[in-house]
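Sharing a structure with you now.
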There are 2 protein chains.
Amino acid sequence: MAIQVTGVVDAVANELRAAVFDGELAPGSLVTEAWAAERFEVARSSAKAAIEKLVAEGLLQRTPHRSARVRPLDEASVRDIYRTRRRIEAEALRELAAERRVPSAAREANDEIARHLGGSSIDIVDPDMRFHTEMVDAIGSERTSRAYHALVAEVRMCMAQVQGRRLIPVDQILDEHRRIVELVAAGDGEGAVALLAEHLGRAEERLAAAIS
Amino acid sequence: MAIQVTGVVDAVANELRAAVFDGELAPGSLVTEAWAAERFEVARSSAKAAIEKLVAEGLLQRTPHRSARVRPLDEASVRDIYRTRRRIEAEALRELAAERRVPSAAREANDEIARHLGGSSIDIVDPDMRFHTEMVDAIGSERTSRAYHALVAEVRMCMAQVQGRRLIPVDQILDEHRRIVELVAAGDGEGAVALLAEHLGRAEERLAAAIS
DNA sequence: TCAGTAGACTTGTCGGACAATCTGCGAAGG
DNA sequence: CCTTCGCAGATTGTCCGACAAGTCTACTGA
């Protein structure tokens, strides 16, 4: 199943990333090179490289000669993240609607969400993000995807920080996704964009309220 | 003048970046850790970190256990870069036009271009990029700026690869910039966007033609 | 009370070492 | 003659230990 073992550094970076997303590493908590080196049993230089990678990704923040810490997101950040998300995704929807094209991977992500109907919203963060990511990736712009993936990582940090408080119910998310898919398939780009704006706007408000 | 000497790694990364932009390091040429270490008289570990930074920025590319090389850009990349540029910058212009706001730094960048009237187009790459960057930065979205800065770096790589062939004349660039500024100041967002699309479209075609 | 300082802690950089991996060339074999 | 194998050289990946440099804290002394 293609578990790429590229190297120690990437493995540590992945573990750290997962720890941040799981909320195991709370926002603001210190991540020293020595701590990471000991925890994952690697050399300090390797831990350093992994930390620097996450700093570049925006998950950790650091100033010279000081330990990295898990980046805490404030309301302004949430608003900026969602503003940018809306812009990118709106363009993607317009482009997809123009060709009446809905990537099958996005539909499958929705099916996965459907399987969690009645469950907790936290459990669908994964397929939810995948739905949106697939829509953006479908337009085939490497640069746009790169930017969007970075945003998704930050959204997941928000989720971790908020710890499931005030999330939107699963059935509502699923319903809105499906309506967006229908509008795109029908070629109604502006309709899809309007609905998307509501969809993301609601999430933004919840997160902004929960985070402050 | 704030020349931040944050550390050896950043210094090496900056030197390498400049070498790529200057065309001293041709697209496709190898950049081994040992070579960089010797050239800048730093430890191999430091050179390694600098190279990895540029890989993350997209200026170099690398596969595991193989030397990094200066990323060569093909026509598809140029088109993707400009497609994304257009999208981001168009949104920025709309937002600025809505408030009839033109950042003074953008005007100053144009003045700098004016000082090179009659000169070579290569000399104004810097202020040209600064004009566009300032417009985007002015909307105050950290994430949008991050994405745009990455694109600008790639544009500069294109410039280096094309070596000044087929660039657009200085006076034309200046004229178009000024008209964009006027339209934004007048609150005509869509007019500014239309002109921008032409402006960037022309540059895209030139680069695409020169690169293939 | 407050400034200054000593010490602990952490990062930044270095140099060396060795294994793992890739490359290219030449030899062995069909 | 062509293919394949293997080996030597080059390069990266990782580790270790060391020390300088910078930051933070808590204590001391005026």
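Residue numbers begin at 1 in each chain, while the letters A, B, ... track the order of the sequences. In what follows, every heavy atom counts, from backbone to side chain, and hydrogens, waters and symmetry copies are set aside.
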Margin query: Keeping A:E91 on the side-chain end and B:R87 on the backbone end, is there a donor-acceptor pair under 3.5 Å?
Written below: no

Item checked: Ion pair A:D137/A:R130, N-O distance below 4.0 Å ->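 Here A:D137 does not pair with A:R130 in a salt bridge, since their nearest N and O are not under 4.0 Å apart.
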
Next item on the list: Would you grab the first and last nucleotide of DNA chain C (5' to 3') that comes under 4.0 Å of any non-hydrogen atom in chain B?
Entry: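 It runs C:dT13 to C:dT23.
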
Next item on the list: Using a 4.0 Å heavy-atom cut-off, write out nucleotides 14-25 of chain D from 5' to 3' as B (base contacted by protein), S (sugar-phosphate only) or - (no contact).
Entry: BBS-B--BSSS-

Notebook entry, point to check: Can B:R94 and B:E89 be counted as an ion pair, charged N to O under 4.0 angstrom?
Noted result: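 So B:R94 does not pair with B:E89 through a salt bridge.
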
Checklist line | Stepwise side-chain hydrogen bond (donor to acceptor under 3.5 Å, both in side chains) check, B:S77 with B:D80 | finding: CA-CA 5 Å; B:S77 298; B:D80 188 35; over 6 Å; no

Check: Does a side chain donor of either B:N14 or B:R17 reach within less than 3.5 Å of an acceptor in the other side chain?
Finding: yes

Check: Which pair of non-hydrogen atoms, one from B:E75 and one from B:S212, has the smallest distance, and what is that distance?
Finding: OE1-OG, 4.0 Å

Check: Regarding A:D123 and A:H116, is there a side-chain donor-to-acceptor distance under 3.5 Å anywhere?
Finding: no

